[in-house]
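A short write-up of the structure that comes next.
Excluded from the calculations below are hydrogen atoms, water molecules and symmetry mates; all remaining heavy atoms, backbone and side chain alike, are included. Note that the structure is a prediction, hence the values are computed from the model and not measured.
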Amino acid sequence: MNKRSMLAMILAVFIGLVCALGMCVQRNAIENESTTVEQAMDYDAIVVMARNDGYDLDTALQMCRDAGVTSFTIYDTTLNKLTQRGELSLVTKLGADLYYPQFGITDKSYDYYLIGKPQGQTDLYFDEVVSDLKTRLGDDKVKIMSHGPYRIVGIQGVMPGLGDVNLGILSADAKTISDHGFHVILRPTNYSNPTKEQVAHFFDRVDQIKNVSGIMFVGKEVLGYTPVNAERKTMLDYTADNLNDRDIPFYMIESVNQLQYNQQDGMYDLAGLVHYRTARVYAMAKEELEKITPEEAAMRFYISDLERNARVNLYPLYKKPLHGMNLTQTNLSYVKMVSQKLTDRGYTLGRASIMPAYYPNRLLLAITAAAAACGFVFVLNLLLPLTDRKNYILMGLGIVCAVIGAIVAKGALFLQVWAIGCATAAPTAAILLALDHWKKMKITKKLGYGRVVRDGTIGLFFAVAVAMIGGLYIAAMLGNIRFFMEFDFYRGVKLTFILPLILVAIGYLRRFPLMGQTIASPEDLKVFVKDFLNIPIKMGTILILAVLALAGVIFVGRSGHTAGVPVPGVEVAMRRFLENVLYARPREKEFLIGHPAFYLMVAALYRKWPQLLHFFLVIAAAIGVGSMVETFAHIRTPFLMSFIRGINGWVTGMVIGIGLIIAIAIVSYVTTWLGKQVAHRD
């Protein structure tokens with residue numbers, strides 16, 4: 001009764017698939033241009049560590065270059081840092097009277113005195129420090145007092161934390177970095193209620209620094225952020241204009257849950273104002289580094305670059321050396337491992353690649369979204385067949401909503417809703433279409449295990465193909481710069497893991513008799529629920545349900561980005577092995593659960609296993625194709641990697657599934673043969 005409309009839906013889906021493939025090709029080209037990774041370390045920390053290990057500066061920096069380090073971060077200086085390095089002296093008024101009469105300080109109206117180097121000695125820092133003090137504290141609190149043998153500055157105000165006040169980035173230190181051939185990553189802190197003059201002071205200093213590759217803010221705010229709403233936009237606009245004028249991208253540190261970024265006030269507004277000239281930074285916590293080996297640390301950085309488009313690696317330092325190495329060698333050893341893995345993979349090391357502000361063609365997006373809406377109606381008909389007239393009405397409404405959402409609507413909500421629809425519809429269709437095929441076969445006798453392998457392989461191929469269509473739709477529709485950089489991201493991960501299983505269960509109950517009956521109407525459902533609740537429960541049943549419940553908790557808990565079920569060490573080792581030998585590691589839900597279960601599902605049908613077992617195997621098979629579709633929703637992962645991950649999951653799952661069927665066949669034949677031998681002797 002709905003053959004024509006169903007064919008129209010299928011045609012629409014394939015038209016949308018052509019458009020989606022076109023957008024995916026464009027997206028892949030954009031991603032292939034973003035393959036330069038910046039390897040960064042803290043300059044001050046490296047200098048101190050190398051000095052303690054007996055290396056001079058030139059030797060230490062050459063060791064860093066050999067390890068693949070391309071950049072150093074440089075922070076605002078403090079008076080304490082400079083006095084520890086012997087560049088300046090900071091004394092109190094009392095100290096000047098009692099211990100430093102040689103400075104000749106006669107004006108005792110100031111609380112602190114900053115003393116530079118004696119005349120005749122090179123002083124690279126004094127003038128910039130005085131300028132920064134005036135900017136941070138105010139001109140009225142800082143006064144140059146002497147130009148005699150010692151350069152002296154008086155500082156007004158009792159400030160116990162004066163030595164730790166962030167002043168500014170010193171151009172002399174930055175010059176040392178750039179002169180040795182490294183990029184400079186600026187790490188300033190915001191001013192308190194910043195003014196344009198203060199922000200301009202920072203950028204005046206930046207103009208004296210060569211080879212700046214990016215800026216990465218320190219603290220809870222970006223530079224220029226002010227809590228005063230009336231001034232906030234103006235100040236962030238001013239910061240963004242300065243960054244844009246100097247072609248300095250905004251580096252953003254990834255959050256510990258690997259979703260979006262460590263929160264800083266004003267960061268997302270600033271990212272938009274710099275036209276998303278941003279890069280994702282992976283920076284492992286020092287406490288986490290101490291818990292793992294250098295090999296594991298190297299893999300985490302490497303995988304972050306591959307799978308999450310991190311283009312800046314900010315390396316922390318181990319506090320203790322490994323056996324046979326000093327601390328400098330220990331820390332540079334794991335950086336070198338990452339560098340080697342990246343270059344072997346085809347990446348280059350240098351200034352971080354910045355993705356262009358890419359958005360897909362609006363017309364192609366609208367056609368793809370409209371085709372997806374037709375696909376949703378198609379899946380609805382797999383669950384509840386409708387007449388042609390009703391289908392055409394629903395298709396029309398879906399197409400109108402899709403076109404409005406793709407061309408007119410602003411923001412990510414429409415794309416997120418449509419992606420959830422694809423992630424739900426595609427795996428549901430993949431399994432239900434397979435069930436419809438086998439239901440038409442009307443199997444009345446047991447079929448051989450060879451048929452199970454053959455038909456299971458063919459069936460899995462078509463199920464994977466249908467699921468892949470849904471994944472391509474998602475990859476195309478969400479493929480824009482805001483999703484690449486996770487200013488927007490796919491929502492409803494856990495929902496789209498569970499919802500297809502529910503829909504497949506409903507579709508199964510409408511097709512196959514479970515407990516002797518199918519469900520074709522609300523009345524049938526009432527009878528089924530009543531009979532189900534009256535099933536006698538045995539201890540074995542309780543244990544099976546407990547195992548299934550535990551599996552469900554793990555299944556849901558391991559999805560998404562929130563802290564959930566931990567990953568055991570054995571699984572971590574398996575993941576690392578697969579990451580080293582394959583281009584893209586397949587997901588366990590696919591090659592260990594879903595795809596092998598697909599073969600068992602076929603075996604249960606062909607070998608006349610209990611109907612309840614067949615039902616649960618169908619649900620398990622849906623997990624695999626559902627996971628494959630959801631893989632494409634990780635837009636931060638390059639499209640090609642998601643595609644190959646799905647293929648790898650299908651191939652490895654197919655191998656395991658066939659092996660499982662062969663093992664079952666062998667056990668079945670052996671036990672049958674043994675049974676005949678026993679019966680013959682009797």
Side-chain angles (χ1 to χ4, degrees), residues 34 36-45 69-77 128 132 135-136 166-171 173-178 182-191 194 196 198-226 232 235-255 260-283 309-315 350-355 357 481 485 487:
S34 175
T36 303
V37 178
E38 194 163 352
Q39 304 269 73
M41 302 189 83
D42 179 355
Y43 176 72
D44 286 339
V69 176
T70 63
S71 309
F72 286 105
T73 59
I74 185 168
Y75 295 75
D76 287 333
T77 193
E128 288 187 348
D132 291 337
T135 302
R136 292 282 180 180
N166 290 303
L167 299 179
I169 291 172
L170 299 178
S171 63
D173 288 342
K175 185 176 186 300
T176 301
I177 295 172
S178 60
F182 294 93
H183 294 289
V184 179
I185 299 176
L186 307 173
R187 300 217 61 188
T189 52
N190 193 26
Y191 297 91
K196 282 191 174 181
Q198 290 174 319
V199 175
H201 173 81
F202 168 77
F203 283 104
D204 287 342
R205 182 69 51 79
V206 171
D207 290 336
Q208 302 174 41
I209 300 173
K210 297 180 180 179
N211 220 16
V212 174
S213 61
I215 191 167
M216 192 187 315
F217 301 109
V218 178
K220 299 296 184 182
E221 304 168 348
V222 300
L223 181 67
Y225 177 85
T226 172
R232 183 179 303 162
M235 290 303 303
L236 287 178
D237 278 337
Y238 187 66
T239 299
D241 289 342
N242 278 278
L243 291 174
N244 291 331
D245 290 344
R246 293 165 177 80
D247 193 28
I248 299 176
F250 177 19
Y251 291 172
M252 306 170 71
I253 299 177
E254 181 183 74
S255 175
Q260 291 193 296
Y261 305 94
N262 287 343
Q263 291 299 310
Q264 291 180 307
D265 292 337
M267 66 185 304
Y268 293 113
D269 291 332
L270 182 60
L273 292 171
V274 298
H275 314 298
Y276 305 112
R277 282 187 48 76
T278 59
R280 191 183 192 96
V281 181
Y282 180 58
N309 261 326
R311 288 298 173 260
V312 181
N313 291 328
L314 182 57
Y315 293 97
R351 183 174 180 177
S353 294
I354 305 298
M355 281 192 174
I481 186 63
M485 301 308 301
F487 301 119

Original post:
Mind checking whether Asp265 and Val222 have side chains closer than 4.5 Å, heavy atoms only?
Top reply: no
Original post:
So, for Asp42 and Asp44, which heavy atoms are closest and what is the spacing to 0.1 Å?
Top reply: OD1-N, 3.2 Å
Subject >> Sequence-distant partners of Tyr191, ring pair (Phe, Tyr, Trp, His ring centres under 6.0 Å), two or more places apart >> reply: none
Original post:
Is the backbone N or O of Met216 less than 3.5 Å from a side-chain atom of Arg187, with the two atoms forming a donor-acceptor pair by type?
Top reply: yes
**OP:** Check the pair Ile185 / Leu314 against side chain to side chain contact (heavy atoms under 4.5 Å, CB included), numbers first and verdict last.
**Re:** CA-CA 10 Å; Ile185 299 176; Leu314 182 57; over 6 Å; no
Subject >> Spatial distance of atom CG (Asp76) from atom OG1 (Thr189) [nearest 0.5 Å] >> reply: 4.0 Å
Original post:
How about Phe202 and Ile215: do any of their side-chain heavy atoms sit closer than 4.5 Å?
Top reply: yes
Original post:
Does any non-hydrogen side-chain atom of Val212 lie less than 4.5 Å from one of Arg246?
Top reply: no
**OP:** Hey, could you give me the OG1/OH distance between Thr73 and Tyr315, rounded to the nearest 0.5 Å?
**Re:** 13.0 Å
Original post:
Does Tyr261 reach the side chain of Met485, with side-chain heavy atoms less than 4.5 Å apart?
Top reply: yes
**OP:** Please check if the side chain of Arg136 supplies one atom and the backbone of Asn166 the other of a donor-acceptor pair under 3.5 Å.
**Re:** yes
Subject >> Minimum heavy-atom distance between Val184 and Lys210, given as atom pair plus value >> reply: CG2-O, 3.9 Å
Original post:
Will you find, in the side chains of Tyr225 and Gln264, an N or O donor that is under 3.5 Å from an N or O acceptor?
Top reply: no
Original post:
What pair of heavy atoms forms the shortest contact from Lys175 to Ser178, and how long is it?
Top reply: O-OG, 3.1 Å
Subject >> Smallest separation among heavy atoms of Asn262 and Ser255, with atom names >> reply: OD1-CA, 3.3 Å
Original post:
Looking at CD1 of Ile169 and CZ of Arg205, how far apart are the two atoms once the value is rounded to the nearest 0.5 Å?
Top reply: 9.0 Å
Original post:
Which heavy-atom pair separates Glu38 from Ser71 by the least distance, and what is that distance?
Top reply: OE2-OG, 2.6 Å
Original post:
Roughly how far, to the nearest 0.5 Å, is the CG atom of Leu243 from the CG atom of Leu223?
Top reply: 8.0 Å
**OP:** Apply side chain to side chain contact (heavy atoms under 4.5 Å, CB included) to the pair Arg277 and Asp247, showing each step before the final yes or no.
**Re:** CA-CA 9 Å; Arg277 282 187 48 76; Asp247 193 28; 2.8 Å; yes
**OP:** Verify side chain to side chain contact (heavy atoms under 4.5 Å, CB included) between Tyr268 and Gln260, making sure each step is shown before the conclusion.
**Re:** CA-CA 10 Å; Tyr268 293 113; Gln260 291 193 296; 3.6 Å; yes
**OP:** Report yes or no: does Ser171 contribute a side-chain atom to a donor-acceptor pair with the main-chain N or O of Ile209 at less than 3.5 Å?
**Re:** no
Original post:
So how far is it from Thr135 OG1 to Leu167 CG, rounded to the nearest 0.5 Å?
Top reply: 9.5 Å
Original post:
Could you give the distance from CE (Met235) to CD (Gln198), rounded to the nearest 0.5 Å?
Top reply: 8.0 Å
Original post:
Can you tell me if Ser353 uses its side chain to pair, donor with acceptor, with the backbone of Thr36 under 3.5 Å?
Top reply: yes
**OP:** Show the numbers, then the answer: is there a side chain to side chain contact (heavy atoms under 4.5 Å, CB included) between Gln208 and Glu128?
**Re:** CA-CA 11 Å; Gln208 302 174 41; Glu128 288 187 348; 3.4 Å; yes
Original post:
Counting only N and O atoms by type, is there a donor-acceptor contact under 3.5 Å from the side chain of Glu254 to the main-chain atoms of Met252?
Top reply: no
Original post:
Side chains of Val206 and Ile248: closer than 4.5 Å at any heavy-atom pair?
Top reply: yes
Original post:
Would you call Arg351 and Pro249 a side-chain contact if the rule is heavy atoms closer than 4.5 Å?
Top reply: yes
**OP:** Kindly assign one of parallel, tilted or perpendicular to the pair Tyr276 and Phe487, based on the angle between their ring planes and the thresholds 30° and 60°.
**Re:** tilted
**OP:** Scan Leu273, Ile354, Thr239, Leu270 and name whichever one has a side-chain contact (heavy atoms from CB on, under 4.5 Å) with Phe250.
**Re:** Leu270
Subject >> Atom of Tyr251, atom of Ala352 and distance for their closest heavy-atom approach >> reply: OH-CB, 3.7 Å
Original post:
Under 3.5 Å, is there a donor-acceptor pair between the side chain of Asn242 and the main chain of Phe203?
Top reply: no
Original post:
So, does Asn190 use its side chain to make a donor-acceptor pair with the main chain of Gly224 at under 3.5 Å?
Top reply: yes
